[in-house]
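To keep things clear, I will list the structure first and then write my remarks on it.
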Amino acid sequence: MIKITFPDQSVKEFEKGVTPLAIAESISPRLAKDVLVAEVDDEAWDLTRPIDKDANLKLFKWDDPEGKHAFWHSSAHLLAEALQELYPGVKFGIGPAIENGFYYDIDPGEHQITSADFPKIEAKMLELAQRKEEIKRADISKADALKMFGDRGEEYKCELISELEDGHITTYTQGDFTDLCRGPHLPDTSAIKAVKITSLAGAYWRGDEKRNQLVRVYGITFPKKKMLDEYLALLEEAKKRDHRKLGKEMELFAFSQNVGAGLPLWLPKGAALRDRLEQFLRKIQKQYGYLQVITPHIGNKALYVTSGHYAKYGKDSFQPIHTPEEGEEYLLKPMNCPHHCEIFKAAPRSYRELPLRLAEFGTVYRYEQSGELHGLTRVRGFTQDDAHIYCAPDQIKEEFLKVMDIILYIFKALKFDNFEAQISLRDPNNKDKYIGSDENWHLAENAIIEACAEKGLNARKELGEAAFYGPKLDFMVKDAIGRRWQLGTIQVDYNLPERFQLEYTGADNQKHRPVMIHRAPFGSMERFVAVLLEHTAGKFPLWLAPEQAVILPISEKYNDYAYEVAKQLQAADIRVEVDDRNEKIGKKIRDNELKRIPYMLIVGEKEAENGEVSVRKQGEGDKGSKKIATFAAELTEEVNKMINQ
RNA sequence: GCCGCAAUAGCUCAGUCGGUAGAGCAUUUCAUUCGUAACGAAAAGGUCGUGGGUUCGAGUCCCACUCGCGGCUCCA
């Protein structure tokens, strides 16, 4: 008999060689039906794999990430099995589970696979799944594995095997398909009830662009048909929220072939929106003691040589601008920090001036690879809501707390309730990779950890994720449909103060080197607007909306009154338009609902007589009539509540 | 940058086998003057991304480029 310990620390005895599936059956038939995969003493474990010794056991279902992972991993094998039947002779690369589904990289040989083949592949997968094929694990020696896959011409698999340690190689087989795999897998294929092949893409073998390009087939599967439908509906929703589509529809920004790829043009409404965001941030920053500066869009190449960026990124960025002067070279500004360092150096600095907080909405240009450009989230020219804080090492924590205040305030005003924080720390086993003294790193890392603790922020710590010049704290927001976006960032930097030889005179009348903190609560105006669009599906909070209200006269007879109302509201700083088209009121309401304008004010005979407007809220409907001044006051109140919580 | 896919009216899209381009919405005009999600009629709107090639003839087939999309790689 062996002792099995469950997560709640209860212990039960079982026959030696019992399987997790049998244990689940002993608990309840329902659990046995739902369980997908297990973990035995922290090792992922197939449900049908015997347990030979006392162990800790965890059972995972669909709702557990481990359960989904095994489900999709087995689905990847199912996909491979289907492809093997449909396209004899294809060679297999790797086929892992990913965040949403799985993929398999294949070398199709002479076969051509296109999206038109998806239904065929899906049907074959379902057919195989319904055969309830057992997925069998087997240990295999390295020599046998090489022979087995070698005989089949599986050159990619052989390459993988040749790098594995003998004695730790396993295969999984279902039906006629055997794959090199560590597992774990589902007991059989029958749990896979719904299949969708989602896309096709090229991917280099082992991510190396010098190697063969394979075809990557992406798919997703579910244990219930209904779940697939829900997932597809979610994808549809995501498509509707795509900021590229909304940006065009709402006339916020555009791109032009003639201007160039990745260079956004801000249309009047988008520019006004961006300006509101800037004003919002300027106001808070002023309260927090930031000093606004302005620096040029280009800088002498020497500046970036000093900062070290030229050596690292020079050849991959926009190429130098040459002047009539022999040998003189300027670069488009790829970041604001070197400029700000020069501002720090523009005068001798005293410890009394610290922390010195220099802020700039600085437009920078980076030559992103053409394939990487994406709407407003990845562009070649963008404006950072940048600031650099120069402070003494013992001020880091205090400054961190203040920056976090600003970021949390912004998230609150914009209803990003669902966010995560990540602290990126140094890899303790590889300290040579980093610049700066042990003592300073220690100080900065602790400052960040303590600051998060003080704010009650449950931040994830990631070792080895820090930049070479310092640790950082990143904020990830989840949008309304659960996608994760990186926005605000705070980074400690020991490198630039060193390179620019920044100094201040301390209380001890000695020269000291300041620490620099980079921070950008929005990240960039472009990305922030994109995320805001996708988060809100274009329904901006009232204080940001391009138009806060639109006045809809019942007929042209009331256009004059509508313009009178508009004048009064505009005088109260409300952004309002008049829809004076010669259309029926139903049509105007529909059109303006679709334009996502927060308030519609309907005016006709009754309203004109009483000096009122009939208020209709977007998405909610009729709210009744009120005096013009009452509406104006209520709207202003609503806006103030949002930005001055 | 690499692989794959696409580019047709302002927008969304159709266009069969190669035979000179079509719908809905938007726009303009006319009619209507309307009470909380689409009234009606008509007109206008296109060098089919750009350049080359094949062909008697190219939106359609081929090549290159540009831009876009999905990935890969990269990301200060």
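All heavy atoms count here, side chains included; hydrogens, waters and symmetry mates do not. So you know, we letter chains A, B, ... as the sequences are listed, proteins then strands, and number each from 1.
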Distances for protein N/O vs nucleotides 26-29 of chain B N/O pairs under 3.5 angstrom?
from: A26(B); atom 1: OP1; to: Lys587(A); atom 2: NZ; distance (Å): 2.6

Parallel under 30°, tilted from 30 to 60°, perpendicular over 60°: which one fits the rings of [X] and [Y]?
{"X": "His297(A)", "Y": "Tyr365(A)", "value": "tilted"}
{"X": "His388(A)", "Y": "His518(A)", "value": "perpendicular"}
{"X": "Phe222(A)", "Y": "Trp72(A)", "value": "perpendicular"}
{"X": "Tyr104(A)", "Y": "Phe92(A)", "value": "perpendicular"}
{"X": "Trp441(A)", "Y": "Tyr494(A)", "value": "tilted"}

Candidate nucleotides A37(B), C39(B), U36(B), ranked by approach to the side chain of Arg590(A) - the nearest: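 That would be A37(B).
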Starting at [atom1] of [X] and ending at [atom2] of [N], how long is that distance when rounded to a whole Å?
{"X": "Phe118(A)", "N": "C5(B)", "atom1": "CZ", "atom2": "C1'", "answer": "11 Å"}
{"X": "Ile585(A)", "N": "C39(B)", "atom1": "CD1", "atom2": "P", "answer": "11 Å"}
{"X": "Glu249(A)", "N": "C25(B)", "atom1": "CD", "atom2": "C1'", "answer": "12 Å"}
{"X": "Arg216(A)", "N": "C2(B)", "atom1": "CZ", "atom2": "P", "answer": "19 Å"}
{"X": "Tyr558(A)", "N": "C34(B)", "atom1": "OH", "atom2": "P", "answer": "6 Å"}
{"X": "Asp579(A)", "N": "U36(B)", "atom1": "CG", "atom2": "P", "answer": "16 Å"}
{"X": "Asn258(A)", "N": "U50(B)", "atom1": "CG", "atom2": "P", "answer": "12 Å"}
{"X": "Leu552(A)", "N": "A37(B)", "atom1": "CG", "atom2": "P", "answer": "11 Å"}

Closest contact, heavy atoms only, Leu542(A) versus Gln548(A):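 Smallest interatomic distance, heavy atoms only, reads O-NE2, 3.1 Å.
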Any residue meeting salt bridge (Lys or Arg N to Asp or Glu O under 4.0 Å) with Lys606(A), in chain and number order, not counting sequence neighbours: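 Result, salt bridge (Lys or Arg N to Asp or Glu O under 4.0 Å) vs Lys606(A): none returned.
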For Glu638(A), salt bridge (Lys or Arg N to Asp or Glu O under 4.0 Å) partners two or more places apart: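 By the salt bridge (Lys or Arg N to Asp or Glu O under 4.0 Å) rule, Glu638(A) matches Lys617(A).
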Sequence-distant partners of Phe419(A), ring-ring contact (aromatic ring centres under 6.0 Å, His included), two or more places apart: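 Once residues adjacent in sequence are excluded, the partners of Phe419(A) under the ring-ring contact (aromatic ring centres under 6.0 Å, His included) criterion are Phe411(A).
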Heavy-atom protein contacts under 4.0 Å, nucleotides 43-48 of chain B, coded B base, S sugar-phosphate only, - none: ------
With sugar-phosphate meaning primed atoms plus P, OP1 and OP2, does [X] contact a base, only sugar-phosphate, or nothing at under 4.0 Å between heavy atoms?
{"X": "Lys606(A)", "answer": "base"}
{"X": "His518(A)", "answer": "nothing"}
{"X": "Tyr103(A)", "answer": "nothing"}
{"X": "Glu251(A)", "answer": "nothing"}
{"X": "Gly604(A)", "answer": "base"}

When the [atom1] atoms of [N] and [M] are considered, how many whole Å apart are they?
{"N": "A23(B)", "M": "A64(B)", "atom1": "P", "answer": "36 Å"}
{"N": "A14(B)", "M": "A21(B)", "atom1": "C1'", "answer": "11 Å"}
{"N": "U27(B)", "M": "C39(B)", "atom1": "P", "answer": "12 Å"}
{"N": "A44(B)", "M": "U33(B)", "atom1": "C1'", "answer": "26 Å"}
{"N": "G18(B)", "M": "A9(B)", "atom1": "P", "answer": "23 Å"}
{"N": "U8(B)", "M": "G22(B)", "atom1": "C1'", "answer": "10 Å"}

Set of side chain to side chain contact (heavy atoms under 4.5 Å, CB included) partners for Pro546(A), sequence neighbours left out: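 Leu252(A), Lys269(A), Arg276(A), Phe540(A).
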Listed partners of Glu609(A) passing side chain to side chain contact (heavy atoms under 4.5 Å, CB included), at least two apart: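 Per chain and number, Glu609(A) pairs via side chain to side chain contact (heavy atoms under 4.5 Å, CB included) with Glu605(A).
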Listed pairs, N/O of protein and of nucleotides 74-76 of chain B, under 3.5 Å:
from: C75(B); atom 1: O2; to: Arg378(A); atom 2: NH1; distance (Å): 2.8
from: C75(B); atom 1: O2; to: Arg378(A); atom 2: NH2; distance (Å): 2.8
from: A76(B); atom 1: OP1; to: Tyr313(A); atom 2: OH; distance (Å): 3.0
from: A76(B); atom 1: O2'; to: Arg366(A); atom 2: NH2; distance (Å): 3.4

SB check Lys588(A) Glu577(A) (cutoff 4.0 Å):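 No.
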Polar contact flag, side-chain donor to acceptor under 3.5 angstrom, Glu607(A)-Tyr558(A):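 The criterion, which ignores hydrogens and geometry beyond distance, is not satisfied for Tyr558(A) and Glu607(A).
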Pair Glu329(A), Asn300(A): side-chain N/O donor-acceptor within cut-off below 3.5 Å: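 No donor-acceptor contact under 3.5 Å links the two side chains.
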Identified side-chain contact (heavy atoms from CB on, under 4.5 Å) counterpart of Leu569(A) within the set Val613(A), Leu635(A), Leu601(A):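 Only match with Leu569(A) under side-chain contact (heavy atoms from CB on, under 4.5 Å): Leu601(A).
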Option passing side-chain contact (heavy atoms from CB on, under 4.5 Å) with Val293(A) (candidates Leu358(A), Asp386(A), Asn336(A)):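 That would be Leu358(A).
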Lys626(A), NZ: over 12 other non-hydrogen atoms inside 6.0 angstrom: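 Buried by this count: over 12 neighbours within 6.0 Å.
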Test side-chain contact (heavy atoms from CB on, under 4.5 Å) applied to Leu473(A) and Gln422(A), step by step: CA-CA 6 Å; Leu473(A) 175 66; Gln422(A) 177 183 317; 5.9 Å; no
All stems with RNA chain B, defined as three or more consecutive Watson-Crick or G-U pairs under 3.5 Å: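 Listed by first number, the stems are B:1-5 with B:68-72, B:10-13 with B:22-25, B:27-30 with B:40-43, B:49-53 with B:61-65.
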Comparing Leu214(A) and Val615(A) on RNA chain B - which has the more 5′ nearest nucleotide: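 Its nearest nucleotide lies further toward 5', so the answer is Leu214(A).
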Pairs satisfying ring pair (Phe, Tyr, Trp, His ring centres under 6.0 Å), at least one member in residues 591-622 of chain A, at least two apart: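 Every pair satisfying ring pair (Phe, Tyr, Trp, His ring centres under 6.0 Å) with a residue in residues 591-622 of chain A: Tyr599(A)-Phe631(A).
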Test salt bridge (charged side-chain N to carboxylate O under 4.0 Å, His left out) applied to Arg616(A) and Glu593(A), step by step: CA-CA 10 Å; Arg616(A) 188 189 160 94; Glu593(A) 280 281 347; 3.3 Å; yes
Between protein and nucleic acid, restricted to nucleotides 31-33 of chain B and to nitrogen or oxygen atoms under 3.5 Å apart, what atom pairs and distances do you find?
from: A31(B); atom 1: N6; to: Asn582(A); atom 2: ND2; distance (Å): 3.0
from: U32(B); atom 1: N3; to: Asn582(A); atom 2: OD1; distance (Å): 3.1
from: U32(B); atom 1: N3; to: Asn582(A); atom 2: ND2; distance (Å): 2.6
from: U32(B); atom 1: O4; to: Asn582(A); atom 2: ND2; distance (Å): 2.1
from: U33(B); atom 1: O2; to: Ser555(A); atom 2: OG; distance (Å): 3.4
from: U33(B); atom 1: O2; to: Glu556(A); atom 2: N; distance (Å): 2.9
from: U33(B); atom 1: N3; to: Glu556(A); atom 2: OE1; distance (Å): 3.2
from: U33(B); atom 1: O4; to: Glu556(A); atom 2: OE1; distance (Å): 2.8

Please list each protein N or O that sits under 3.5 Å from an N or O in nucleotides 64-68 of chain B, with the distance.
from: U66(B); atom 1: O2'; to: Gln257(A); atom 2: OE1; distance (Å): 3.3

